[in-house]
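Take a look at the structure below.
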Amino acid sequence: MYKQYQLPYAYGALEPHIDALTMETHYSKHHAAYTKNLNDAAEKAGVAGRDITELLANLDSIADSGLRKAIRNNGGGYYNHNLYFSTISPDGGGEPEGALALGQFGSGWAWLSAAAGGKLLLSASPNQDNPIIEGSGFVPILGIDVWEHAYYLKYKNLRADYVQAFYNVIDWKAVAANYEQVQNG
Ligand code: MN3
């Protein structure tokens, strides 16, 4: 059974950068739905209990194309949001890094990823894809969700303002811990 990352902070803790209603909807509706749908599809495909990273890296092993698509979308959504919610914090912030995230048009994600040995990659993915699903050899260590549901209630069409505000909540300690983990293989 795949379990949602448990938030160690309240929905309103990231105000004013990310508002409480957006956090609550994003976590308790969107992320919860990806998690439930992943569990349902994984059960049907006979892959329940497989490590999520390993599963996403080997989607081709799922013979049924409908289930493969369901696991790509919902497994991606499950993994991506676990990363998202675990790398933001009320104690976040610090030095921003360029124009990460503005390159992804439409619904998707902007990523900072790492590979064994410590190489870093900036990239963007559509939908709920990520560098693991794309077979890049890199593992995401920070993701900015640029689907409208991540910012629309507060920022409306002003995605750049959301991305700018997002830098105030990035938990660089968590990102550094992810980096260490990937770097050490
Ligand atoms: Mn989202």
Side-chain angles (χ1 to χ4, degrees), residues 2-42 52-53 55-56 59 69-90 92-93 96-97 99-113 121-134 136 138-172 174-175 178:
Y2 298 101
K3 294 218 170 86
Q4 248 182 301
Y5 171 76
Q6 294 296 304
L7 297 184
Y9 45 79
Y11 292 132
L14 306 178
E15 298 260 13
H17 311 296
I18 305 179
D19 62 285
L21 183 57
T22 294
M23 283 296 292
E24 181 173 1
T25 310
H26 202 176
Y27 182 82
S28 73
K29 306 285 191 221
H30 293 276
H31 191 195
Y34 290 123
T35 306
K36 182 187 183 305
N37 294 338
L38 167 64
N39 279 311
D40 291 350
I52 187 63
T53 307
L55 182 60
L56 293 177
L59 288 170
K69 189 175 175 207
I71 291 175
R72 180 177 189 150
N73 289 334
N74 294 291
Y78 166 76
Y79 175 95
N80 295 347
H81 288 87
N82 273 359
L83 179 65
Y84 179 84
F85 288 117
S86 66
T87 48
I88 52 181
S89 159
E97 297 273 337
L100 179 65
L102 294 178
Q104 174 61 40
F105 292 95
S107 297
W109 291 78
W111 303 109
L112 176 61
S113 301
L121 173 74
L122 283 178
S123 67
S125 307
N127 307 315
Q128 293 296 346
D129 284 354
N130 63 39
I132 297 170
I133 293 174
E134 290 157 357
S136 68
F138 284 80
V139 176
I141 59 173
L142 170 69
I144 305 184
D145 188 342
V146 291
W147 283 58
E148 284 189 343
H149 68 230
Y151 63 88
Y152 199 83
L153 291 176
K154 181 177 173 77
Y155 293 97
K156 303 297 187 283
N157 57 318
L158 302 177
R159 177 187 282 188
D161 289 2
Y162 155 70
V163 173
Q164 198 58 46
F166 189 82
Y167 287 111
N168 294 315
V169 297
I170 294 174
D171 183 348
W172 290 108
V175 177
N178 290 342

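Whatever order the structure lists them in is the order used to number ligands and atoms, beginning at 1.
- Smallest separation of non-hydrogen atoms from N178 and I141: ND2-O, 3.1 Å.
- In terms of the salt bridge (charged side-chain N to carboxylate O under 4.0 Å, His left out) criterion, D161 has no residue partners (sequence neighbours excluded).
- Take F85 and apply the ring-ring contact (aromatic ring centres under 6.0 Å, His included) test, not counting sequence neighbours, and it matches H26, Y27, H31.
- The aromatic rings of W109 and H81 sit perpendicular, their planes meeting at an angle over 60°, well past the 30° parallel limit.
- In terms of the ring-ring contact (aromatic ring centres under 6.0 Å, His included) criterion, residue partners of Y78 (sequence neighbours excluded) are, by chain and number, Y2.
- Looking only at protein N/O/S atoms, the ones less than 2.8 Å from the Mn ion (ligand 1) make 4 in total.
- Counting all heavy atoms, side chain and backbone alike, N130 lies closest to I133 at OD1-N, 2.9 Å.
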